[in-house]
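Heads up: the structure comes next, in structure tokens.
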There are 2 protein chains.
Amino acid sequence: MGRARPGDGEHKYLTVRAYLADLVTQELEVGDAVPSERTLTEKFGVSRMTVRQAIDALVTEGVLHREQGRGTFVAPPRADFEMRLTTFGEEARRRGMEPGTRVLVAETQAAPPSVAEALGQAEGAPMHRVVRLRSADGSPMCIEEAWVPVDLAPDLLDGGVPESLYGALRERGLAPTWGEETITASDATPAEEHALELTASRAVMRTVRRTFAGDTPLMYSRSSYRGDRYSVFVPLREARPTLVPTTSRATEGKVS
Amino acid sequence: MGRARPGDGEHKYLTVRAYLADLVTQELEVGDAVPSERTLTEKFGVSRMTVRQAIDALVTEGVLHREQGRGTFVAPPRADFEMRLTTFGEEARRRGMEPGTRVLVAETQAAPPSVAEALGQAEGAPMHRVVRLRSADGSPMCIEEAWVPVDLAPDLLDGGVPESLYGALRERGLAPTWGEETITASDATPAEEHALELTASRAVMRTVRRTFAGDTPLMYSRSSYRGDRYSVFVPLREARPTLVPTTSRATEGKVS
DNA sequence: GCGTGCAAGTGGTCCAGACAACCAGCCGGC
DNA sequence: GCCGGCTGGTTGTCTGGACCACTTGCACGC
């Protein structure tokens with residue numbers, strides 16, 4: 001009892017953090033106050049610094065929100081809308097639609113130059129290539145072409161095309177951690193027009209995405225979305241002067 | 001607002017933070033180590049807690065990077081590409097092009113319902129409305145329509161349309177702090193087709209943006225960009241399981 | 001009725017230590 | 001020459017206080 005709880009938490013601030021995270025997901029609603037710092041201090045028998053460390057972590061994650069003199073509150077889930085590394089399926093479900101997929105191409109071939117360069121591979125390196133037509137609630141939404149270097153996951157397509165490429169990569173210890181995407185708008189090609197069943201509007205939104213796990217490029221993908229049925233929500237942060245470190249021309253010759 | 005002692009630093013951790021920020025922007029390069037925590041403790045005569053608070057702030061901003069047992073180092077400037085609240089002019093210059101603007105409409109009128117709702121104003125509230133054709137390196141790039149509530153900046157258009165709406169708002173103490181943008185692709189209207197001098201491709205990228213200063217909505221704007229000449233770069237963060245708070249039964253309709 | 005001022009409670013900042021975990025390099029033993 | 005331990009330096013975690021700034025509610029006085 002009295003002594004430090006063994007087993008559950010290696011670090012005290014993590015146990016406090018876990019307690020608060022549970023509170024948020026289980027009991028509290030947006031706008032509710034969490035217990036005050038001094039209350040938590042007593043409840044867990046730790047110092048206030050430790051409690052603050054736990055709260056700090058949740059604040060920087062956007063889960064909690066402090067107000068001096070009033071308390072600490074559950075923040076609205078603004079993170080819900082942020083652009084994240086999600087797959088088409090996850091994204092569709094989040095928007096309340098039922099995703100569907102039809103595999104058009106699944107093969108292993110040599111990488112064309114643009115793809116090889118984007119993934120930092122040698123030109124002609126063997127790559128898995130998957131082209132899929134993705135739909136939401138039964139009607140076509142997007143055509144997606146994805147490339148994955150064979151050496152990262154040689155057996156990626158062995159049991160057929162996996163339900164989720166990201167999921168299959170995660171199972172192999174290659175969880176995507178970050179990515180970058182470029183969005184453009186253009187007219188549909190005849191092939192796209194047919195596959196996406198475009199009638200009135202012929203505009204499509206194209207995205208080119210590179211996905212990384214740490215430093216290693218995982219996947220290069222190009223998608224074309226129906227312009228009339230798809231939109232992207234982007235949160236914009238303040239344009240502060242960014243605090244750029246000194247750039248040295250020595251960079252090229254720099255070490256290693 | 002500011003507070004307290006007139007001296008130099010309001011809070012000690014801010015002076016340490018400022019010192020480190022200067023170091024990063026003036027002297028150090030990416031990968032260099034900043035002075036150790038104990039060194040800073042002596043240099044500024046503060047406790048280690050205070051030094052850590054300063055460093056923590058810069059770490060969560062992505063400026064610094066800790067490594068246990070080794071030290072604290074200048075992080076690579078990943079912020080360079082992030083979507084930010086920039087104006088067309090700033091953005092064009094950042095991409096190395098010379099921005100131009102032609103004002104098509106500048107007037108003050110009653111807000112239509114959709115605009116009033118987006119800005120949290122009463123329907124029919126007076127608003128400044130500015131429509132501009134924006135170009136880069138001489139050729140048209142985008143048509144932008146912006147609405148600003150009159151009561152926020154009554155004299156906004158008095159001296160003609162300002163060079164930068166964001167700049168004019170900043171001068172009035174209404175610096176934009178955050179925003180949200182929805183991006184879609186669609187076919188150009190005949191008017192857009194003419195103004196943007198579209199020939200081969202008729203696709204445009206449309207953005208709808210709300211800009212805020214703290215809690216107060218500042219501006220509602222709709223833009224149409226030439227699909228063949230404009231692209232948006234979006235960094236993607238890891239899709240972590242997001243820690244969603246309990247949804248209140250008060251918010252109806254929301255399915256869990 | 002109404003404002004004013006006070007007190008309690010909250011987060012914000014700060015101190016002066018402590019020990020643990022980790023890393024690099026030096027140095028002796030093999 | 002190589003390996004292992006030692007050592008000094010670094011960040012990570014944590015204590016138990018302190019005072020300040022801010023918000024809120026309530027009692028009091030007008």
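Taking the side chain as every heavy atom from C-beta outward, B:Glu181 and B:Val232 never approach each other to under 4.5 Å. Side chains of A:Thr50 and A:Phe44 form no contact here, defined as non-hydrogen atoms less than 4.5 Å apart. In this structure, the side chains of B:Val34 and B:Leu58 stay at 4.5 Å or more apart for every pair of heavy atoms.
The nearest whole Å value for the distance from the CD atom in B:Gln53 to the P atom in D:dT11 is 17 Å. Distance, A:Glu42 CD to C:dG9 P: 12 Å, rounded to whole Å. What separates CG of B:Leu20 from P of D:dT11 is a distance of 11 Å, to the nearest Å. Counting to the nearest Å, the P atom of D:dT10 and the CG atom of B:Leu40 are 10 Å from each other. One can place CZ of B:Arg66 at 8 Å from C1' of D:dG12, the figure rounded to the nearest angstrom. For the pair B:Leu58 CG and D:dT11 P, the computed distance is 14 Å after rounding to whole Å. At whole-Å resolution of the value, CG in A:Leu14 and P in D:dG12 are 13 Å apart. One interatomic measurement links the two molecules: CG of A:Asp56 to C1' of C:dG11, which rounds to 11 Å at whole-angstrom precision.
Residues B:Glu144 and B:Arg209 are not paired through a salt bridge, judged by the lack of any N-O separation under 4.0 Å between the basic side chain and the carboxylate.
Of the residues in residues 43-51 of chain B, those placing a heavy atom less than 4.0 Å from an atom of DNA chain D are B:Arg48, in numerical order.
The nearest pair of heavy atoms linking B:Gly62 to B:Ala75 is O-CB, 3.4 Å. Among all heavy-atom pairs drawn from A:Leu152 and A:Leu174, the shortest one is O-CD1, 3.6 Å. For the residue pair A:Ala116 and A:Ala122, the shortest heavy atom distance occurs at CB-O, 3.7 Å.
Annotation: of the two residues near DNA chain D, A:Arg38 and B:Ser36, the 5′-most nearest-nucleotide partner is B:Ser36.
Residue B:Arg17 is tested with B:Gln53, B:His11, B:Glu61 for a side-chain hydrogen bond (donor to acceptor under 3.5 Å, both in side chains); the sole match is B:Glu61.
Residues forming a ring pair (Phe, Tyr, Trp, His ring centres under 6.0 Å) with A:Phe212 (at least two apart in sequence, or on another chain): A:Trp178.
Comparing atom distances between the A:Tyr13 side chain and each of D:dG12, C:dC14, D:dC14 picks out D:dC14 as nearest.
The base of D:dT13 is not paired with the side chain of B:Arg52 by any donor and acceptor separated by under 3.5 Å.
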Would you tabulate the nitrogen or oxygen pairs shorter than 3.5 Å linking the protein to nucleotides 22-24 of chain C?
| unit_1 | atom_1 | unit_2 | atom_2 | d |
| --- | --- | --- | --- | --- |
| C:dC22 | O4' | B:Gln68 | OE1 | 3.3 |

